[in-house]
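Computed over heavy atoms, backbone and side chain alike; hydrogens, waters and symmetry mates excluded.
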Amino acid sequence: MTVERIFDELGHFKRFQACIYFAAAFQAMACGIHYLASVFLVETPNFVCGVPSNVTDVLFGNLSGSSLNDFLPVFKADTGPLVVRTPGGDQWELSRCQRALRLHPKDFTYAFGGNKSVESCDGGFVYDHSEVYQSIVTDWDLVCNQAWLAKLCQPTFMLGVLIGALVFGDIADRVGRVKILMFTSLCQFGLGVCVAFSANYYYFVVFRFLLAMASSGYLVVVFVYVTEFTGIRVRTWTSMHVHAAFAVGIMVVALTGYLVRVWWIYQIILSLCTSPFLLFCWKLPETPFYLIAKGRYKEAQSLLDTMARVNGLESRLRVEELLEPEEKNVRALLEKEEKVEEEETGRSLEKLSILDLFGSWRMAGRTGTVWAIWFIGSLGYYVFSLGSVNLGGNQYLNLFLVGAVELPSYLVGCFAMDRIGRKKTCAPALLLAGVACMLIILVPADIEALAIALSMIGKFAIAIAFGLIYLYTCELYPTIIRSLAVGSGSMMCRVGSVVAPFCVYLADVWIYLPQLIVGILAFIIGILTLMLPETLGKPLTSTLKEAEALGQSDKKKDAACGLEMNQHA
């Protein structure tokens with residue numbers, strides 16, 4: 001690959017690339033922060049319906065007191081009402097979403113056999129502030145018949161993630177990587193602060209939707225950006241460990257949530273966490289691949305000279321050495337491909353569609369399995385992350401561990417991919433995640449520590465599969481349909497992220513239903529993954545069998561792979 005000579009001459013990951021990489025990865029933390037911030041933004045504390053006047057006495061079973069706040073930490077919806085008395089002598093039975101006025105009570109007792117006047121609680125809820133002092137739920141009473149609005153926040157955010165990936169990924173190819181990185185970084189800061197000052201629920205949802213688009217746009221483009229600045233020898237590690245910055249963002253959410261219990265202050269602090277990036281992001285250079293592809297040769301040469309100087313090397317590499325052979329090879333290969341295409345299929349490469357991923361039974365099976373891995377990787381990742389606060393124990397510690405456990409998972413994943421291959425890493429990871437989910441269901445409810453440990457094992461395993469599937473997909477498909485394969489797989493990933501919040505909400509039906517769904521899917525898909533071919537850690541270059549699977553000729557496939565050797569970044 002001619003352009004890859006840049007890294008052979010100037011270093012695959014020396015001082016210049018390291019500075020660029022860690023700066024870009026630092027801002028990727030913001031994506032993890034905003035993706036998981038809703039865990040505490042929309043947290044619903046324990047609550048009960050209020051009464052029209054003050055409360056003087058409270059009864060709950062055989063317990064008595066003078067304040068509702070004394071009983072809210074232990075009050076459960078299925079344990080019976082709270083009975084209260086007001087200064088005027090009225091007695092009320094309070095539950096979550098309704099209250100009942102006792103008619104002509106004789107004594108103030110917990111049990112009452114007389115008539116009651118039952119009414120719904122349209123406002124005036126009393127919330128337990130021992131854990132959550134202020135969230136959007138307590139500010140805007142998003143409970144009872146309004147509870148669905150709170151649950152809609154995360155799916156709406158994930159829909160914005162899907163749209164942002166589509167929009168900014170395309171724009172980055174047109175206007176450049178750096179401009180999109182700068183724009184989305186500014187949007188993450190500005191929109192993050194706007195979320196904190198939302199006047200009502202609808203402003204909150206709109207700002208979060210736009211914030212999701214910006215965060216997703218940054219995450220999509222930063223993968224391309226760091227890949228185009230690092231050599232092939234370290235590309236697997238650098239691409240995988242952008243996920244690690246995302247995981248650190250999750251840990252920041254947990255720590256901030258523990259320290260700050262007022263949602264709008266919490267949101268401002270999260271938005272400020274990566275704001276130092278704004279001070280120097282405008283100094284980030286465009287990638288050499290993009291500059292050469294767009295014909296900006298003078299800028300490309302200046303960048304190469306800067307890279308050499310910062311890396312302590314002599315600047316001997318000229319853009320002309322990269323440009324002229326590549327232009328000739330690409331032009332000849334394009335002409336050859338077009339001629340072969342017209343002779344054999346009567347259509348051009350530009351007319352390839354997603355149906356070409358299903359050109360034969362074998363290719364259809366491969367595509368279906370790859371899509372399933374993308375889907376379960378995203379679904380499992382967010383179910384484990386969002387559902388961690390429901391495992392019992394300290395919810396802040398649980399979320400922190402969910403982020404922390406990812407860091408070793410990427411190290412293990414990288415070593416395993418290099419030692420035993422992609423398939424033998426991905427399949428066992430999915431199977432382990434499935435087994436962990438099933439074991440969580442079997443753990444007795446009173447052994448919370450074991451359930452949390454199994455959940456961390458599941459997150460560890462699913463993070464490995466989720467982290468490697470991008471590279472594995474690139475290596476499984478030949479050049480002419482590789483972009484289609486990765487793009488469609490990414491779409492399935494976004495679908496999984498949209499479905500994940502709804503899956504977590506199924507815990508209201510049965511506490512272990514989310515784990516059951518993820519466990520079954522992960523186990524089945526893990527078995528299917530064993531049927532995929534192994535790759536050699538590089539994009540497909542042995543093309544005869546793939547050409548037959550696609551209904552293409554060997555001659556055309558050789559041309560396609562020759563084109564890749566000159567264009568692949």
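Within the structure, ring-ring contact (aromatic ring centres under 6.0 Å, His included) pairs that include any residue of residues 454-475 comprise Tyr381-Phe466 (at least two apart or interchain).
A tilted orientation is assigned to the rings of Trp264 and Phe197, their planes being inclined by 30° to 60°.
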I'd like a table of donor-acceptor pairs (distance under 3.5 Å, sequence neighbours excluded) in which one partner is a side-chain atom from residues 499-517, with atom names and distances.
from, atom 1, to, atom 2, distance (Å)
Tyr505, OH, Lys151, O, 2.8
Asp508, OD2, Lys151, NZ, 2.6

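A heavy-atom distance below 4.5 Å is not found between the side chains of Val242 and Thr238.
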request  = Step by step, work out the side chain to side chain contact (heavy atoms under 4.5 Å, CB included) result for Thr156 and Arg208.
outcome  = CA-CA 8 Å; Thr156 304; Arg208 285 269 297 168; over 6 Å; no
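For Cys19, the disulfide bond (SG atoms under 2.5 Å apart) criterion is met by no residue, not counting sequence neighbours. Annotation: salt bridge (charged side-chain N to carboxylate O under 4.0 Å, His left out) contacts of Arg96 (sequence neighbours excluded): none. The ring-ring contact (aromatic ring centres under 6.0 Å, His included) check on Tyr218 picks up nothing, with sequence neighbours excluded. The side-chain contact (heavy atoms from CB on, under 4.5 Å) search around Glu448 returns none, not counting sequence neighbours.
Phe47 CZ: more than 12 foreign heavy atoms inside a 6.0 Å radius.
The SG atoms of Cys121 and Cys49 lie less than 2.5 Å from each other.
Tyr225 approaches Ile20 most closely through the heavy-atom pair CE2-CG2, 3.4 Å.
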